[in-house]
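One structure is given below, encoded as structure tokens.
Both counts, for ligands and for their atoms, begin at 1 and track the order of listing. For the single chain, residues carry numbers from 1 onward in sequence order. Side-chain atoms are counted along with the backbone in the values below, which use heavy atoms only and exclude waters and symmetry mates.
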Amino acid sequence: MSLTIAIDGPAASGKGTIARALAERLGYAHLDTGLLYRAVGRKTLQGMSPLEAANALTAADLGDADALRAPDVAQAASRVAAMPEVRSALVDFQRAFARRMGGAVLDGRDIGTVICPDADVKLFVTASDAVRAERRFEELRGKGHDVSLQEVAADLAERDRRDAARTTAPLLAAKDAVQIDTSTMSIETAVRTALEAVQAVQAKTE
Ligand code: CDP
């Protein structure tokens, strides 16, 4: 039986890496929902209004992954993500994706709480502030972005604060989510831990 897997957590916690690995192992489709907000944020930096940008989003807007990863786009994403009208414009697409035949993995901030409250598996992935800043710093430097560790740490802290404080769909672990703290885990261990949570559900539903 194919499952819907919801993965949430703060920035650079490892949720994207886990989501991609699970999707690959299970042969499921994967949606990084952060890219939707990043694409809307990017359009607002180019002068479009947030709602107009959300309504006009196409698959092509999600293609330029490197530009979407830029720190100024991340900040713009978290600002538009606090707007209820932007979030509701993106709900249908995400829910349709989650219902795909053959299984789906979605990662974001509100997947287990708002987008897919009935997901078969819910994971909430965390890591310490210092570890998350270090990971994102390495990732951005590796992609050629000229950033300091302090700037990256400040960017994550500001987004975390905004994402957790907003009234619509704040960053929050669903009550029934399995929590995975990846601070001291290798990628392999984190993926294995996540896979075990999926297999526990598969064993019950088969
Ligand atoms: O990769 P990282 O964890 O840094 O961020 P992301 O997942 O690409 O998300 C960028 C921003 O989009 C976040 O800071 C949130 O404000 C917003 N977001 C959201 O509100 N809801 C989601 N389901 C996904 C992202």
Side-chain angles (χ1 to χ4, degrees), residues 4-20 30-45 50 53-54 57 61-95 97-98 104-117 119 122-129 131-143 145 147 151-174 177 180 182 190:
T4 299
I5 303 176
I7 308 183
D8 293 301
S13 56
K15 63 186 185 307
T17 303
I18 290 176
R20 273 191 303 277
H30 169 227
L31 178 64
D32 171 356
T33 65
L35 285 184
L36 303 175
Y37 295 92
R38 285 174 180 264
V40 173
R42 186 171 179 221
K43 282 177 181 283
T44 65
L45 294 177
L57 215 58
D61 296 319
L62 308 180
D64 195 351
D66 279 351
L68 293 175
R69 289 276 146 222
D72 61 331
V73 173
Q75 279 294 338
S78 105
R79 285 194 296 271
V80 299
M83 300 172 183
E85 66 277 18
V86 167
R87 302 200 73 84
S88 43
L90 301 175
V91 165
D92 288 350
F93 174 76
Q94 295 175 81
R95 289 200 176 135
F97 192 96
V105 183
L106 290 85
D107 74 277
R109 300 290 186 290
D110 64 338
I111 308 303
T113 50
V114 175
I115 301 295
C116 306
K122 296 183 188 178
L123 306 177
F124 194 80
V125 182
T126 58
S128 72
D129 293 355
V131 166
R132 293 190 293 119
E134 187 67 43
R135 280 182 191 158
R136 184 51 52 90
F137 173 67
E138 294 297 339
E139 191 184 323
L140 288 170
R141 291 294 283 228
K143 291 205 169 113
H145 293 284
V147 286
E151 284 165 350
V152 172
D155 169 73
L156 295 190
E158 189 178 349
R159 285 200 287 133
D160 283 353
R161 211 167 31 242
R162 202 184 286 124
D163 292 348
R166 67 184 179 221
T167 34
T168 309
L171 169 66
L172 195 69
I180 303 177
T182 67

Logged contact type for R69 with ligand 1, heavy-atom cut-off 4.0 Å, is side chain
So the atoms of ligand 1 within less than 4.0 Å of a heavy atom of R136 turn out to be 1 (O), 2 (P), 4 (O)
The residue among K15, R132, R135 that forms side chain to side chain donor-acceptor pair (under 3.5 Å) with T182 is R135
Query - Student check: side-chain heavy atoms of P71 and H145 closer than 4.5 Å - result: yes
Under 4.0 Å between heavy atoms, the region of A12 that gets near ligand 1 turns out to be backbone
Side chain to side chain donor-acceptor pair (under 3.5 Å) with S78: of R161, R159, R38, R162, only one passes, and it is R162
for atom 17 (C) of ligand 1, nearest protein heavy atom and its distance come out as A81 CB, 3.7 Å
The salt bridge (charged side-chain N to carboxylate O under 4.0 Å, His left out) partner of D163 among R109, R87, R79 is R109
K122 side chain to P117 backbone, donor-acceptor under 3.5 Å: yes
The protein heavy atom nearest to atom 12 (O) of ligand 1 is Y37 CB, 3.5 Å
Ligand 1 atoms nearer than 4.0 angstrom to some heavy atom of D163 are 13 (C), 14 (O), 15 (C), 16 (O)
In this structure, atom 8 (O) of ligand 1 is nearest to the protein heavy atom R38 NE, 2.6 Å
**Study point:** Salt-bridge contact R69-D155 (side-chain N to carboxylate O under 4.0 Å)
**Key:** no
for atom 10 (C) of ligand 1, nearest protein heavy atom and its distance come out as R159 NH1, 3.6 Å
- Task: Find out whether F93 and T33 are in side-chain contact, i.e. whether some heavy atom of one side chain is under 4.5 Å from a heavy atom of the other.
- Result: no
among protein heavy atoms, the one nearest atom 3 (O) of ligand 1 is K15 NZ, 2.7 Å
N/O separation below 3.5 Å, R166 to ligand 1:
yes
Report task. Kindly indicate whether the side chain of V80, heavy atoms from C-beta on, has any atom under 4.5 Å from the side chain of K43. Result -> no
Tell me, please: is R162 in heavy-atom contact with ligand 1, that is, under 4.0 Å?
no
Logged contact type for R87 with ligand 1, heavy-atom cut-off 4.0 Å, is side chain
Would you say the side chain of L156 lies within less than 4.5 Å of the side chain of D129, judging by non-hydrogen atoms?
-> no
Under 4.0 Å from one or more heavy atoms of G108, ligand 1 contributes atoms 22 (C), 23 (N), 24 (C)
Numbered in order shown, the ligand 1 atoms found under 4.0 Å of a heavy atom of T33 are 22 (C), 23 (N), 24 (C)
With heavy atoms and a 4.0 Å threshold, my read on which part of R109 contacts ligand 1 is both
Logged contact type for E158 with ligand 1, heavy-atom cut-off 4.0 Å, is neither
Are the side chain of D8 and the backbone N or O of D110 linked by a donor-acceptor pair below 3.5 Å?
yes
